[in-house]
Amino acid sequence: MPNKGIKGKNNIILVSAILLFSLALMTLNVKQEKGLSFLDSLAGVILSPFQTFFTQSIQSVADGIDHYFLLVDVARENDVLKLKVQHLINEKNTLIESLSRQQRLTKLTDFQENWKKKAVVASVIGLDSTQWSKVIFVNKGTQDGMQTHLAVVTDAGVVGQVIHAGPTTSKVLLIVDGRSAVDALFQGSRISGVVVGTGGDACQLKFVPNTAEIKVGDPVLSSGLGGIFPKGLVIGNVSKVSRKKQGLFQDITMVPSSDLSRLEEVLILLP
Amino acid sequence: MYIFVQALIGIFLFSAQTTWLNLFSFGGVTPDLALIWVVYCGVRCSHAGGIGAGIFIGLIQDSLSGGLFGVNTLSKGLIGYFFSTLKDKFFVEGAIPIGIFLIVSSVFDGLVYYLAMGTILKGDVASSFLYQSLPVFSLYNALMGPVMFLALDKIEKRLNSNKPSSFRRAIR
């Protein structure tokens, strides 16, 4: 019986210790904003080579599978030349992949040339380790001039902002994350609002007055307020508008103009 | 050797989680390999080993996530604690008990995040989180869990076939 009492006490101490330790970490994170950045950096440095390897392997394999299936009939008709065909397919895949990469980089470079300030092209090497945060990892860090609160874009529009910069990798918070908020305005009417992430595939536009005339498809741009995103960058397009009978603001859903689920290269705008 | 193998498992699981596992997403939801690993450690390791593994894996996951630092340490630490305590009271063999354990721990993990987002960060969480993402997440983990348990058991068996070290005896 006394043994059971001691065991119960130990359990309470253990649970309390876990709770206290976690709460201390959360408080550090919220208060200092940077949190335990050395742990983030360390994990990034250890894992980034593996992430890069896996990402590149997947791209090559996926590309190979896609193009192999397209040429299955040809391979059947040419049994004798199967090996040669396979060799050509591999070569073709490599060229297609480098061509498409070149096209993507050209788009980003064009954007970069039009951009008056400096910008860095980065490759996406990983995603968030949990289900619930919308974060990506890129292969550029403080060694390349990265720092927190830099705008991340593609040629299609705004992607998110850097929330942590390690020596060789950085974390980018996507605009669809629940903690993201970007001050915005409608291109036509110039009415302002705030683009807030929902944790899903779309964002919500908050604080848009009920009286404003907003239509589905209206483009939404960054307003330049907030100091992270420069004015005039495309954020997305309105996909749903619903006006409440009562209340001051409309419920507006917006789809980001960049396909955030298929990001491969991004442009980070330096200050 | 034991620590080296565990580190390799960790690197592989976290690399997979942050890269190619997304290819198998169902409705935007992928299984949480770290969570399954914590439940495995809770069930198979000693009491201290289960809790330690939960906190350590949670810390790494926090480092590789953009969420609030400490949320995963909290949820994984408590999951490690609960399962290392409960394993003596339940029969944990076969796919069904493992699946149930994983459903419970997935729901708990999701709720901790949901509460942290709502209370500490005051952020927006999609309305579909509780009735869509969380059930799919739990079921996906429950399906993946037995397969991963089997794989980890095989590795454990292979490691145990070698001469046991004093370190392994201490945590087992």
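Chain letters run A, B, ... following the sequence lines, proteins first and then strands; every chain starts at 1.
At a 4.5 Å heavy-atom cutoff, the contact between A:Ile125 and chain B is made by backbone atoms alone. With a 4.5 angstrom heavy-atom cutoff, B:Ile51 touches chain A only via side-chain atoms. Contact annotation for A:Leu19: both backbone and side-chain heavy atoms come within less than 4.5 Å of a heavy atom of chain B. The part of B:Leu23 that comes within reach of chain A is its side chain, from C-beta onward, which places non-hydrogen atoms under 4.5 angstrom from that chain. B:Ile55 touches chain A through its side chain: at least one heavy atom from C-beta onward sits under 4.5 Å away, while N, CA, C and O do not. Contacts of B:Tyr81 with chain A are made by side-chain atoms alone, with heavy-atom separations under 4.5 Å and no backbone atom involved.
Here CD of B:Gln61 is found 4.5 Å from OG of A:Ser129. Values are rounded to the nearest 0.5 Å. For the atom pair B:Leu35 CG and A:Thr130 OG1, the distance stands at 11.5 Å (nearest 0.5 Å). Summarising the geometry, atom CG belonging to B:Asn22 is positioned 11.0 Å from atom CG belonging to A:Asp128; distances are rounded to the nearest 0.5 Å. Atoms CG and NE2, from A:Leu14 and B:His47 in turn, are 5.0 Å apart once rounded to the nearest 0.5 Å. Atom OG in A:Ser133 sits 9.5 Å away from atom CG in B:Asp62 (nearest 0.5 Å).
With chain B as partner, the option from A:Leu127, A:Val135, A:Leu23 having the largest number of non-hydrogen pairs under 4.5 angstrom is A:Leu127. Looking only at heavy-atom pairs under 4.5 Å with chain A, the residue among B:Asp32, B:Ile60, B:Leu78 that has the most is B:Leu78. Most heavy-atom pairs under 4.5 Å with chain A: of the set B:Thr73, B:Thr30, B:Thr85, this distinction falls to B:Thr30. Contact tally against chain A (heavy-atom pairs below 4.5 Å) for B:Ser15, B:Gly80, B:Ser65, B:Gly77: the top residue is B:Ser65.
By the 6.0 Å contact criterion, CG on A:Asp259 is enclosed, its count of non-hydrogen atoms from other residues, nucleotides or ligands being greater than 12. Crowding of B:Phe56 atom CZ: a count of heavy atoms from other residues, nucleotides or ligands under 6.0 Å not exceeding 12.
Among B:Leu59, B:Leu74, B:Asn72, the single residue meeting the side-chain contact (heavy atoms from CB on, under 4.5 Å) criterion with A:Leu25 is B:Leu59.
Panel note: side chain A:Lys171, backbone B:Leu64; no donor-acceptor pair is recorded below 3.5 Å.
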